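Input: a single structure, listed below in structure tokens.
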Number of protein chains: 2
Amino acid sequence: MIKQSIKLSVDAVVFGYEEGKISVLLIKRKYEPFKDKWAIPGGFVLNDESLEEAVERELQEETGVKINYLEQLYTFGEPSRDPRGRVVSIAYFGLVRPNTFKIFASTDASEVQWFTIDELPELSFDHQEILEMSIKRLQGKITYEPIGFELLDKKFPFSDLEKLYTTLLGREIDRRNFRKKILGLNVLDELDEKVSKGSGRPANLFQFNQKRYFQLKKEGIIFEI
Amino acid sequence: MIKQSIKLSVDAVVFGYEEGKISVLLIKRKYEPFKDKWAIPGGFVLNDESLEEAVERELQEETGVKINYLEQLYTFGEPSRDPRGRVVSIAYFGLVRPNTFKIFASTDASEVQWFTIDELPELSFDHQEILEMSIKRLQGKITYEPIGFELLDKKFPFSDLEKLYTTLLGREIDRRNFRKKILGLNVLDELDEKVSKGSGRPANLFQFNQKRYFQLKKEGIIFEI
DNA sequence: GTATTATTGCGTAATAATTACGCATATGAT
DNA sequence: ATCATATGCGTAATTATTACGCAATAATAC
């Protein structure tokens with residue numbers, strides 16, 4: 001039997017949402033190959049850590065990000081995808097609230113930066129493909145799983161949620177029907193707090209009730225936009 | 001940097017459909033660990049083959065199966081999942097038409113057998129978990145992608161398709177509404193052939209038109225049951 | 001050969017879900 | 001006070017889903 005010499009890495013596409021824009025966290029590579037090019041954060045898996053642990057460790061090391069939601073995306077294994085040799089990479093996608101921490105570059109990264117998804121730089125390896133798949137997955141997923149809340153502040157006005165969905169889905173949504181639908185799902189708690197931004201009627205704040213969501217899911221009631 | 005010593009394998013959950021039953025192809029392991037226990041077919045990835053090539057090679061070697069549809073399922077990487085050491089496995093799920101070839105056991109398998117999914121034996125490693133995830137994926141997927149046809153003969157009476165869906169989804173479907181819906185999707189060609197099985201009015205044969213499906217998909221028209 | 005049974009195939013009505021849209025309400029700005 | 005702006009509630013029109021009746025065409029029983 002031929003000895004297997006395949007290396008295993010993890011990569012993470014991390015999405016954030018601020019000021020009506022979806023952004024992705026990228027690092028500038030400090031070393032070859034693709035030195036000084038932008039890439040998705042990631043790195044090799046250690047012998048005794050799980051894949052999720054590897055992702056969270058690498059993200060912490062390279063960017064300082066604390067992940068809020070993490071999900072396995074796909075495993076990329078084309079023999080030619082890394083010039084150093086055979087590297088199979090398990091890609092994840094994650095959601096964070098950018099305003100809850102400060103990003104910084106270290107270890108393999110010389111820079112860390114948020115890029116809005118319509119202004120992306122050229123990427124290393126097959127990271128362009130990974131990123132495109134992530135965006136599609138995110139767009140698909142928010143219509144049948146309540147993961148959008150992971151991108152918003154814990155307490156948010158309804159208009160923030162609506163803005164997020166119009167941005168992510170890339171189309172207009174009727175505000176009144178959207179409100180009816182979401183509130184009808186019964187996964188939001190209406191708080192006794194109001195917030196006013198600029199002119200206009202002040203908005204009530206809402207909060208996602210995860211416990212209630214799991215309860216409904218167990219009863220077979222599905223979340224769908 | 002610590003040298004990485006992780007092995008990479010692929011596993012494939014292969015589904016077949018015959019006589020109104022969904023079956024999974026399992027092998028009996030010839031060697032330790034889990035010698036003489038049932039398992040999902042699979043094995044280690046070679047240095048210079050793609051992951052899909054590895055799956056198809058292992059299936060051919062161990063079982064003689066020629067796969068009809070193959071899709072990546074999930075990557076399982078818990079450090080403790082294999083008693084031999086760290087083995088990360090990329091699981092696939094596949095669909096075949098069992099009546100188009102003969103299965104046989106060889107290399108790592110002492111036996112190969114179809115098991116209906118409600119009469120499964122005890123499985124090796126974390127293969128139980130992999131299989132459960134596969135079944136869920138299959139059930140979910142047939143409602144929004146026309147992959148069910150990969151399990152049927154190329155030419156089939158409508159009742160076969162209906163039977164497949166009731167079996168997979170585990171619930172009754174109104175024959176007349178189902179027919180309207182599927183035919184309305186415009187992805188089936190009605191042939192000028194009829195088939196009669198036992199008594200009753202002979203049924204027209206249909207054939208899935210993949211070209212037409214891709215065309216409709218490109219136009220944004222979605223398949224959904 | 002005729003009646004019976006089984007299965008296919010086409011239609012229409014009742015119900016539910018989605019979409020479109022009018023307008024009152026509450027605040028900041030002038 | 002008046003206007004501009006954004007929130008929040010309702011109802012009607014449209015579309016999709018579900019329920020179900022029944023004719024058509026064969027094998028089978030007698």
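All of these numbers come straight from a predicted model, not from anything done at the bench.
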Atom pair CD1/CD of A/Ile90 and A/Gln72 - distance to nearest 0.5 Å: 6.5 Å

Is it the case that more than 12 heavy atoms not belonging to B/Lys155 sit under 6.0 Å from its NZ atom? no

Rounded to whole Å, the CZ-P distance (B/Arg175 to D/dT18) equals 17 Å

If you compare every side-chain N and O of A/Ser159 against the phosphate oxygens of D/dA6 (OP1, OP2), does one of them come in below 4.0 Å? no

Given D/dT5, C/dC21, D/dA27, the nucleotide with the shortest approach to the side chain of A/Asp174: C/dC21

So, OP1 or OP2 of C/dT18: does either fall under 4.0 Å of a side-chain N or O from A/Lys181? yes

Which distance, rounded to the nearest 0.5 Å, do you find between the CG of B/Leu188 and the CG of B/Leu183? 6.0 Å

Measure CG/A/Leu183 against P/D/dT7 and give the value in whole Å, please. 13 Å

On a plain distance test, is the side chain of A/Arg176 in donor-acceptor contact with the base of D/dG8 below 3.5 Å? no

In whole Å, what is the span from the CD1 atom of A/Ile222 to the C1' atom of C/dA17? 13 Å

Is the NZ or CZ atom of B/Arg179 both under 6.0 Å from the centre of the six-membered ring of B/Phe158 and within 45° of that ring's axis? yes

Side-chain N or O of B/Arg179 versus OP1/OP2 of C/dG9: is the shortest distance under 4.0 Å? yes

Please report, rounded to the nearest Å, how far the P atom of D/dT17 is from the CD1 atom of B/Ile225. 11 Å

Using whole Å, report how far NZ of A/Lys194 lies from C1' of C/dA26. 9 Å

In whole Å, I'd like the distance from the CZ atom of A/Arg201 to the P atom of C/dC23. 17 Å

Rounded distance (Å) that lies between atom P of D/dA6 and atom CZ of A/Phe158: 17 Å

Identify which nucleotide among C/dT27, C/dG9, D/dA19 has an atom closest to any side-chain atom of B/Asn177, counting heavy atoms from C-beta outward. D/dA19

Could you state the atom-to-atom distance from CD1 of A/Ile182 to P of D/dT7 in whole Å? 15 Å

Using only modelled atom types and a 3.5 angstrom limit, is any donor from either the side chain of A/Lys180 or the base of D/dT11 paired with an acceptor on the other? yes

With a 6.0 Å cut-off on ring centres, are A/Phe76 and A/Tyr74 close enough? yes

